[in-house]
Colleague: 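This is the structure, below, for whatever I ask next.
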Amino acid sequence: MRIILLGPPGSGKGTQGGLIEKKYGFPRISTGDLFRRAVKKRTPLGKKVESVMNRGELVSDDIVIEVVRERIEMRDCKKGYVLDGFPRNIAQVHALKKIKPEQSEMILDIVLDDEAVIERLSARRVCSACGKPYNLLLGNSKEKDECDLCKGKLVSREDDRPDIIKERLRVYHEETEPLVDFYQREGIYHEVDGNGPVSQVFESISGILDKQLKQVSEITEALS
Ligand code: AMP
């Protein structure tokens with residue numbers, strides 16, 4: 001089973017993906033995190049993608065698809081995984097279908113309007129040392145500018161600047177939003193209201209996932 005998290009930047013895909021990983025044991029694969037790590041380590045991949053990311057544009061399909069393919073082929077992904085930030089356009093949708101085509105897919109689209117996205121991303125902070133995310137709106141760090149875990153400095157992500165947020169939203173509406181229609185026609189699409197507290201959003205997600213997993217296990221049982 002592959003769970004695909006859709007939704008605009010800042011809708012909570014990372015947070016909810018982390019919670020799914022914790023509860024259901026499906027590893028969360030965030031292409032954004034994989035790229036940010038590569039940038040931080042100054043690897044050849046990191047050097048290739050850094051400026052594109054800082055502009056809020058999409059990294060080229062061939063690069064992203066290769067990164068995802070390699071990650072999905074790892075052993076911990078055998079039973080399933082959560083994709084956060086991939087696919088982001090129709091070409092990536094088709095490329096994903098060719099990687100392990102036997103795996104069933106389900107889409108969880110975390111819906112949030114542009115105004116809420118801008119408000120959230122402007123208040124988002126990450127630890128410059130360990131990467132743990134915080135949000136000033138939620139007041140979820142003990143100190144305003146220090147990580148609770150490692151005492152690293154809390155900073156804004158380079159691509160959370162107002163002009164770049166605008167560009168990321170433009171790219172989202174133009175390139176990623178058409179996937180909603182595509183997946184709806186496939187009958188594997190589920191919408192989740194991204195407003196409200198993290199726990200409430202996760203409750204909706206858990207409800208959908210529990211139902212889906214039950215169906216999958218019933219089908220597997222019937223076939224065996
Ligand atoms: P995210 O953390 O998911 O918002 O991703 C941060 C940035 O990484 C994006 O703005 C893109 O530049 C790049 N990125 C992440 N995932 C993809 C993808 N599937 N396709 C192209 N670029 C991506």
Side-chain angles (χ1 to χ4, degrees), residues 2-18 20-21 27-72 81-99 105 107-112 114 116-128 130-135 155-180 182-183 194:
R2 55 180 160 225
I3 300 159
I4 296 169
L5 295 178
L6 275 187
S11 57
K13 299 186 298 294
T15 305
Q16 298 298 332
I20 296 172
E21 176 173 83
R28 166 182 162 255
I29 302 173
S30 155
T31 41
D33 281 356
L34 291 171
F35 289 145
R36 275 184 290 277
R37 220 167 292 148
V39 168
K40 204 169 173 197
K41 286 192 185 155
R42 314 284 319 141
T43 67
L45 171 68
K47 286 181 192 160
K48 252 191 239 171
V49 300
E50 184 171 19
S51 59
V52 179
M53 287 178 78
N54 286 346
R55 289 197 299 272
E57 294 166 10
L58 291 187
V59 170
S60 72
D61 288 340
D62 47 343
I63 294 180
V64 191
I65 290 162
E66 214 29 58
V67 165
V68 171
R69 184 197 312 280
E70 269 181 29
R71 181 64 189 87
I72 286 179
Y81 42 88
V82 187
L83 289 171
D84 160 6
F86 184 92
R88 256 174 152 103
N89 61 27
I90 289 288
Q92 293 179 12
V93 167
H94 292 300
L96 178 62
K97 288 206 180 286
K98 290 192 190 131
I99 308 173
E105 294 180 332
I107 317 303
L108 294 168
D109 183 16
I110 310 180
V111 177
L112 198 67
D114 287 7
V117 165
I118 292 166
E119 195 182 37
R120 277 195 195 178
L121 292 186
S122 309
R124 179 159 73 179
R125 299 290 181 272
V126 288
C127 173
S128 54
C130 74
K132 184 172 168 26
Y134 294 93
N135 197 294
V155 294
S156 286
R157 253 168 61 172
E158 196 63 38
D159 58 355
D160 280 346
R161 282 188 357 225
D163 52 330
I164 309 295
I165 294 174
K166 233 171 141 186
E167 172 63 7
R168 288 163 70 205
L169 274 170
R170 188 195 64 76
V171 170
Y172 172 76
H173 291 304
E174 209 169 294
E175 306 246 358
T176 312
E177 220 165 36
L179 308 195
V180 170
F182 178 90
Y183 284 129

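Both ligands and their constituent atoms are indexed starting at 1 by order of listing.
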Colleague: Flag the pair I29 / V82 as yes when at least one side-chain heavy-atom distance between them is below 4.5 Å, and no otherwise.
Modeller: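 A side-chain contact under 4.5 Å is absent here.
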Colleague: Check D160 with R125, please: is the shortest side-chain N to carboxylate O separation under 4.0 Å?
Modeller: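 Salt bridge: no.
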Colleague: Check each N or O atom of ligand 1 against all protein N or O atoms and list the pairs under 3.5 Å, with atom names and distances to 0.1 Å, one per line.
Modeller:
from: ligand 1; atom 1: 2 (O); to: R36; atom 2: NH1; distance (Å): 3.0
from: ligand 1; atom 1: 2 (O); to: R36; atom 2: NH2; distance (Å): 2.9
from: ligand 1; atom 1: 2 (O); to: R157; atom 2: NH2; distance (Å): 3.3
from: ligand 1; atom 1: 3 (O); to: R88; atom 2: NH1; distance (Å): 3.1
from: ligand 1; atom 1: 3 (O); to: R88; atom 2: NH2; distance (Å): 3.2
from: ligand 1; atom 1: 4 (O); to: R88; atom 2: NH2; distance (Å): 3.1
from: ligand 1; atom 1: 4 (O); to: R157; atom 2: NH2; distance (Å): 3.4
from: ligand 1; atom 1: 4 (O); to: R168; atom 2: NH2; distance (Å): 3.4
from: ligand 1; atom 1: 12 (O); to: E57; atom 2: O; distance (Å): 2.5
from: ligand 1; atom 1: 16 (N); to: T31; atom 2: OG1; distance (Å): 2.7
from: ligand 1; atom 1: 16 (N); to: G85; atom 2: O; distance (Å): 3.3
from: ligand 1; atom 1: 16 (N); to: R88; atom 2: NH1; distance (Å): 3.0
from: ligand 1; atom 1: 19 (N); to: G85; atom 2: O; distance (Å): 2.8
from: ligand 1; atom 1: 19 (N); to: Q92; atom 2: OE1; distance (Å): 3.0
from: ligand 1; atom 1: 20 (N); to: Q92; atom 2: NE2; distance (Å): 3.0
from: ligand 1; atom 1: 22 (N); to: V59; atom 2: N; distance (Å): 3.0

Colleague: Residues two or more places apart in sequence or in another chain: which of them pass salt bridge (Lys or Arg N to Asp or Glu O under 4.0 Å) with K132?
Modeller: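 So K132 forms no salt bridge (Lys or Arg N to Asp or Glu O under 4.0 Å) with any residue.
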Colleague: Per the side-chain hydrogen bond (donor to acceptor under 3.5 Å, both in side chains) rule, what does the pair list look like for residues 4-18, sequence neighbours excluded?
Modeller: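 Output for this query is empty, none listed.
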Colleague: Checking H173 now: which residues fulfil ring pair (Phe, Tyr, Trp, His ring centres under 6.0 Å) with it, not counting sequence neighbours?
Modeller: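 Testing H173 for ring pair (Phe, Tyr, Trp, His ring centres under 6.0 Å), a comparison that skips the adjacent residues, returns none.
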Colleague: In plain terms, say whether D163 and K166 are close enough for a salt bridge, that is, a side-chain N and a carboxylate O under 4.0 Å apart.
Modeller: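 Not counted as a salt bridge, because no side-chain N and carboxylate O are separated by less than 4.0 Å.
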